[in-house]
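Below is one structure, written out as structure tokens; the observations come after it.
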Amino acid sequence: MKIIPHGAAREVTGTCHEIQIESDKGLKRILLDCGLFQGKRSESAVKNAEFPFNPAQDIDAVVLSHAHMDHAGRIPLLYKNGFRKKVHCTYATKDLAEVMLMDSGYIHEKDEEYFCKHLAKSKMECEGPLYTQQDAIDCKEVFQGQNYESWFDVCEGIKARFIEAGHIIGAAMVVLEITENGKTHHVGFTGDLGRNMLPIIRDPAPMPPVDILICESTYGDRLHENISTAKEHLKEIVVNTAKRGGKVLIPAFSLERTQEIIYDLHVLWDKKEIPAVSIFVDSPLATKVTDVFMQHPECYDKEIYEQFLAKAHNPFQFSLVKYTASVEESKALNGMPGPIIIMAGSGMCEAGRIRHHLRNEIEDERNTILAVGYMANNTLGRRIIDPEISEVRIFDQTYQKRAEVVHINAYSGHADMEDLDNFIVATEGINKIILVHGEMESIQPFSERIKQAKNGVEIVIPEREEEIEIL
Ligand SMILES: [Zn+2]
């Protein structure tokens with residue numbers, strides 16, 4: 001058996017790990033995830049365009065952990081290049097992937113249009129988008145939904161089972177049973193490992209004993225704020241901003257973060273801990289994703305079940321919340337007096353409707369800008385939360401940062417270093433750990449701690465395309 005990382009090797013995007021085995025019916029090759037490389041356009045465009053295999057002939061199946069684009073985002077391209085076998089995933093991931101891949105197709109179309117108009121030095125550079133919305137629609141036919149905790153056949157010699165990852169709705173870790181030349185290996189793949197106590201979704205399930213573990217390392221060197229403080233913090237911000245008659249602007253990722261905030265606001269409203277402030281979800285993508293959340297109560301945790309479903313309450317619909325559809329409705333929010341809450345994408349303020357709201361509201365000291373996610377370097381979101389910066393450029397104009405800026409980090413959907421350590425210690429039977437999905441600054445200290453905790457375990461920190469032989 002061989003494991004070959006085609007992406008997310010010493011970096012965080014482009015997850016795609018190939019497993020090769022010799023079976024009675026010849027060489028079998030499957031992929032764990034097939035994600036997009038993200039980051040600098042010039043670098044990621046090259047990595048995204050080519051597969052190091054022939055999708056039409058070489059790959060027998062894909063097992064997909066979850067619907068984030070750095071894990072699922074190249075499936076339309078795989079299909080476009082002739083792949084017609086199955087993509088196995090949970091039912092919620094199947095529905096979410098449909099929405100997210102359409103959006104990704106749209107972004108690729110727009111991105112290519114902009115590139116050709118403004119940046120390309122010659123027509124030769126304009127080769128068309130990586131894939132289109134139509135490609136995203138076409139690839140739907142290869143998705144195969146699976147239940148959590150049920151074994152299914154992936155191909156000759158390989159069986160798989162999804163277990164809860166606690167990361168986003170539908171997200172799973174993968175347990176593989178692989179038989180080659182009469183010998184059986186158990187391989188675990190974390191996908192993205194989540195955290196305990198996140199709103200809506202269940203906590204990560206324990207990984208059963210595996211001899212090989214492919215483990216993510218995103219926050220191998222960092223701790224998060226405690227999730228139990230997040231709702232209280234959110235309450236304070238809404239109450240204080242409402243007292244000033246201001247607006248709370250929340251730049252939020254459409255998938256998971258937006259639904260978590262709506263859910264927490266709903267709980268706070270039911271307990272009358274926040275005043276009657278209108279909440280606008282101003283993002284067509286977030287609205288579509290919220291619909292998928294409503295269709296998959298099988299992924300909810302006990303708390304949401306007891307507080308809402310058992311009482312026939314919809315967690316994402318209540319009297320204060322409105323989902324804006326048209327651009328006109330979105331524009332109408334400008335003239336609306338506070339107090340109100342507006343949630344819009346993109347999460348890092350680099351695109352989407354949030355930029356319009358920020359432009360209109362950032363200079364009013366009654367308002368609050370509430371960051372609830374990670375803000376990468378060189379994004380508008382990062383400049384907004386940076387206390388050293390007093391003015392920002394939005395749509396080529398400079399604005400003074402007079403609104404209050406608050407950052408709640410506790411909603412992160414990723415395990416932090418303590419969660420990762422506990423997960424490794426609790427997983428029995430490991431001979432070999434393959435560390436992926438992390439920058440070296442996270443992987444290195446994580447691997448040192450594993451050496452201390454798991455004496456004798458072999459740790460591999462592969463480069464892209466490195467072939468890891470499993471005997
Ligand atoms: Zn993820």
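In each ligand, atom 1 is the first atom listed, and ligand 1 is the first ligand listed. Below, all heavy atoms of this structure are taken into account, side chains as well, without hydrogens, waters or symmetry copies.
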*Aromatic plane relationship, Phe152 with Phe162 - under 30° parallel, 30 to 60° tilted, over 60° perpendicular*: tilted
*Apply ring pair (Phe, Tyr, Trp, His ring centres under 6.0 Å) to Tyr263 and list each qualifying residue two or more places apart in sequence or on a separate chain.*
Phe308
*Can you sort out the partners of Phe189 under ring pair (Phe, Tyr, Trp, His ring centres under 6.0 Å), two or more places apart, ordered by chain and number?*
His17
*About how many Å separate CG of Asp192 and OG1 of Thr15, when rounded to the nearest 0.5 Å?*
6.5 Å
_Among His68, His71, His167, exactly one meets ring pair (Phe, Tyr, Trp, His ring centres under 6.0 Å) together with His437. Which residue is that?_
His71
*Which pairs count as salt bridge (Lys or Arg N to Asp or Glu O under 4.0 Å) when at least one residue sits in residues 46-68, sequence neighbours excluded?*
Glu11-Lys47, Lys28-Asp60, Arg29-Asp58, Asp60-Lys85
*Protein N/O/S atoms under 2.8 Å of the Zn ion (ligand 1)?*
His66 NE2, His68 ND1, His167 NE2, Asp192 OD2
